[in-house]
Amino acid sequence: MTEIIVALDDLNRKEALLLAEKLSIKSVVFKVNDLLDDEGASIIMLLKNKGRVMVDLKFHDIPYTVGNRVKKYAPFTPDFITVHASGGIAMMRAAVENCGESKILAVTVLTSLNEEECNINLGGPIKMKVLQYARNAVLAGVHGIVCSPKELEFLSQFPELKNLIKVTPGIRPKWHL
């Protein structure tokens, strides 16, 4: 299923709910991060009345801490919660074990990193790190990954990744500033 994810970045409560009302259809997922800082987790329930919700906090810490953080959001039943795959299999598994009805998405390589930065920061080329993190996500029982659309065709070559949900961020229309 192809869905559109709408980032509610830099919006206040009123603006976010107004936009959610305008886009209130089943194929929309509302992505929240800084809105959670301003409004708390209760904003998730308000947005769920308009569509699906992704808590995009990209948790990355020791397994216990990530599991605990995910457990705090699980009662609000966001559809998705993000973690960083670079946190390791045990960390991702802790997220899955504490997510309730939510699905965990593991962020592979940030799309803001170029090839040189990926080599320096993560120790390898982008495609190889994305593949490594995606395979680790499968081992951890994660429901899906976040990756660049540039990697989708490459990842489709690996049958073990077939069942992962694949989310691709940052696709914007040409008119977007």
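From a predicted model like this one, the values you see are computed outputs, not experimental measurements.
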Candidates Leu17, Val53, Asp38 - the one meeting side chain to side chain contact (heavy atoms under 4.5 Å, CB included) with Ile43: Leu17
Tell me the salt bridge (charged side-chain N to carboxylate O under 4.0 Å, His left out) pairs involving residues 132-152, sequence neighbours left out? Arg135-Glu160
I need the full list of side-chain hydrogen bond (donor to acceptor under 3.5 Å, both in side chains) pairs touching residues 66-77, with sequence neighbours left out, sorted by first then second residue. none
Minimal heavy-atom distance between Val109 and Cys118, with the atoms involved, is CG1-SG, 4.1 Å
Any pair with a residue in residues 80-92 that passes salt bridge (charged side-chain N to carboxylate O under 4.0 Å, His left out), sequence neighbours left out, goes on the list, sorted by first then second residue, please. none
Contact check, side chains of Cys147 and Leu152, non-hydrogen atoms, under 4.5 Å: yes
Would you check if Pro169 and Thr111 make a side-chain contact, meaning some heavy-atom pair closer than 4.5 Å? yes
Would Leu18 end up clustered with Val32 when hydrophobic side chains under 4.5 Å apart are linked, directly or stepwise? no
In sequence, state the C-alpha distance, the side-chain angles, and the governing distance for Val167 and Ile145, and then conclude on side chain to side chain contact (heavy atoms under 4.5 Å, CB included). CA-CA 6 Å; Val167 174; Ile145 59 170; over 6 Å; no
Are the side chains of Val55 and Phe80 in touch, meaning some heavy atoms are under 4.5 Å apart? no
Only counting residues at least two apart or in another chain, list the ones meeting side-chain contact (heavy atoms from CB on, under 4.5 Å) with Asp9. Ala7, Lys31, Asn33, Asp34
I'd like a table of donor-acceptor pairs (distance under 3.5 Å, sequence neighbours excluded) in which one partner is a side-chain atom from residues 82-106, with atom names and distances.
unit_1	atom_1	unit_2	atom_2	d
Thr82	OG1	Asp56	OD1	2.9
Thr82	OG1	Leu57	N	3.3
Thr82	OG1	Lys58	N	2.9
Ser86	OG	His60	NE2	3.2
Arg93	NH2	Leu139	O	3.1
Asn98	ND2	Ala94	O	2.7
Ser102	OG	Pro78	O	2.5

Applying side-chain hydrogen bond (donor to acceptor under 3.5 Å, both in side chains), which residue pairs with at least one partner in residues 39-49 are found, sequence neighbours left out? Arg13-Glu39, Lys48-Asp79
Do Asp10 and Leu35 come close enough that some side-chain heavy atom pair is under 4.5 Å? no
Side-chain touch Val138/Asn163, heavy atoms, less than 4.5 angstrom: no
Among all residues two or more places apart in sequence or in another chain, which pass the ring pair (Phe, Tyr, Trp, His ring centres under 6.0 Å) test with Tyr64? none
Taking all non-hydrogen atoms of both residues into account, name the closest pair between Leu8 and Ala16 and its distance. CD1-CB, 4.1 Å
Going through the distances and angles, do Leu36 and Ile44 end up as a side chain to side chain contact (heavy atoms under 4.5 Å, CB included)? CA-CA 8 Å; Leu36 289 166; Ile44 296 168; 3.9 Å; yes
Distance-only, no hydrogens or angles: does the Thr108 side chain make a donor-acceptor pair with backbone N or O of Val146 under 3.5 Å? yes
Does any non-hydrogen side-chain atom of Val29 lie less than 4.5 Å from one of Ile4? no
Is a side-chain N or O of Ser156 found less than 3.5 angstrom from the main chain of Glu153, in a donor-acceptor match? yes
Could you note down all residue pairs passing ring-ring contact (aromatic ring centres under 6.0 Å, His included) where residues 96-142 supplies at least one of them, sequence neighbours left out? none
Partner set under side-chain contact (heavy atoms from CB on, under 4.5 Å) for Ala20, not counting sequence neighbours: Phe30, Leu47, Lys50
Flag yes if more than 12 heavy atoms outside Glu116 fall under 6.0 Å of its CD atom; otherwise flag no. no
Quick check on the hydrophobic clustering: are Ile62 and Val70 connected, directly or via other members, by side-chain heavy-atom contacts under 4.5 Å? no
Can you give each donor-acceptor pair under 3.5 Å made by side-chain atoms of residues 120-132, sequence neighbours left out, with the distance rounded to 0.1 Å?
unit_1	atom_1	unit_2	atom_2	d
Asn121	ND2	Glu117	O	3.3
Lys129	NZ	Leu122	O	3.1
Lys129	NZ	Gln132	OE1	2.7

